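Each chain gets a letter, A, B and so on, in the order its sequence line appears, and its residues count up from 1. Just so it is clear, the model here is predicted, and its values are computed rather than measured.
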Amino acid sequence: MAVTLIFLGRLADLAGMPEREIDSPLDWGTLVEELEGELGEALEGEKVKVAVNGKLLADKRILAASDGDEVALLPPVSGG
Amino acid sequence: MAVTLIFLGRLADLAGMPEREIDSPLDWGTLVEELEGELGEALEGEKVKVAVNGKLLADKRILAASDGDEVALLPPVSGG
Amino acid sequence: MLDIQLLEKGFSPGKALGLFAKAHPEAGGIASFVGKVRMDEGVKALELTHYEPLTLPGMHALAEEAQARWNLDGLLIWHRVGVMRPQAPIVLVSAAARHRRDAFQAADFTMDHLKSDAWFWKRERRADGWHWIEPREQDHDDLARWR
Amino acid sequence: MLDIQLLEKGFSPGKALGLFAKAHPEAGGIASFVGKVRMDEGVKALELTHYEPLTLPGMHALAEEAQARWNLDGLLIWHRVGVMRPQAPIVLVSAAARHRRDAFQAADFTMDHLKSDAWFWKRERRADGWHWIEPREQDHDDLARWR
């Protein structure tokens, strides 16, 4: 029973990996608690957004992921 | 002893030719008189400009061309 | 016609533009922009990361917004991802339209949004390792022009 | 680097852009515009007349003004003259710059001026003969933006 976390941009550096599995079900409080330290703090930053299965959450604090879901953690972008 | 007149755009249609020679010396009054009819009238239009030897005149009424000069008669442009 | 692509490998902007122009014989004008990895001193490589489930749909939504705002015959958006060397093309945008202003505006609008409002993360490799790049203040100002 | 040309024969914009890009490896961005003879119903050909002693120096002066206003690495202005068929390229403008906005602005500025403030006269051949074309009101408005 697992959720896949995808770390983008500098969050991948902080996580030390581009993705990992985490137990389901998963809400925002549990996620921040599990990803402790600098990574957990970075996630709390208001510019970090969250997508579940490719759909952006309007508010990341309503996260409710279950088995098989893919949760992407998205820091501010920079392209071009 | 001649000046070459170059007719651009619709002035060439009115003149029935792209260029012709005209006696020198040549001032603006003489030019308009010589190119009578519709062409002479068109030249008087304020949007028609005049260049002598590739240099635009600030005021066409100061035209003073002499033997060998090239006088270009330039209607409003349209490019692109 | 929309031509939206995320590219893992290099591409030739000149060739792509030639084909795009051929595909839009009815367009009176085509405005284009090619962005390349700059040869800034000390930069050895650039990496663009994306998250395809968001990045590609985001590019399509952007193209549709441009089509809704201007009268376009076609819009091409090609964006590289992965590791690139200095001078490699990163992005190509090309807008075909009957009228010049529509083409220019659509290309300009699309570039401003790709630059600071699309799902890409960019980092540079310098002698001392990789560095994440944030959009410049100017990029945010550019984007604000369209609101 | 300026590349200013009046062309009596057809040209390939894609090829020209490829070479221009290659000539400016240092530029981060290249903004371009290709204008073609539109396939308007009933138009069989377009003729552009110029007066070289004014037209070519005027194009150089325009390029210099663009270079003075924006920070450019290079500017290309190619303009056809003579008789052209529908879909033939008439004009190619390409501006290479370190920053995107400079490239876009310079290409846009140059096109607006070529369109209604350069020494070209344009007429169309329709079934009933040749017709002179005047700049549209829109073209004058476009030009006024830069004053």
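Enclosure of atom CG in D:Asp141 by more than 12 non-hydrogen atoms of other residues, nucleotides or ligands within 6.0 angstrom is indicated. Enclosure of atom CZ in D:Arg85 is not indicated, since only 12 or fewer non-hydrogen atoms of other residues, nucleotides or ligands lie within 6.0 angstrom.
Considering every non-hydrogen atom in both C:Phe33 and D:Ala103, the closest pair reads CE1-CB, 4.3 Å.
Below 30°, between 30° and 60°, or above 60°: for C:Phe104 and D:Phe104 the angle between ring planes is above 60°, a perpendicular geometry.
Between D:Asp112 and C:Arg101 the shortest side-chain heavy-atom distance falls below 4.5 Å.
Remark: the backbone N or O of D:Arg98 is paired with a side-chain donor or acceptor of C:Arg38 at under 3.5 angstrom.
For chain C, the nearby parts of D:Asp108 are the backbone and the side chain; heavy atoms of each come within less than 4.5 Å. Proximity to chain C involves both the backbone and the side chain of D:Ala107, based on heavy atoms less than 4.5 angstrom apart.
Ranking C:Pro25, C:Ala21, C:Pro89, C:Gly29 against chain D, the residue ahead of the rest is C:Pro25, based on heavy-atom pairs under 4.5 Å. Ranked by heavy-atom pairs shorter than 4.5 Å toward chain D, the options C:Pro86, C:Ser94, C:Ala31 are led by C:Ala31. With respect to chain D, the highest number of heavy-atom pairs below 4.5 Å among C:Ser32, C:Ala27, C:Gly18, C:Pro13 belongs to C:Ser32. Per-residue heavy-atom pair counts under 4.5 Å with chain D were compared for C:Ala16, C:Gly14, C:Ala95, C:Gly28, and the maximum is reached by C:Gly28.
Note that CZ of C:Arg100 and CD of D:Gln138 are 8.0 Å apart. Values are rounded to the nearest 0.5 Å.
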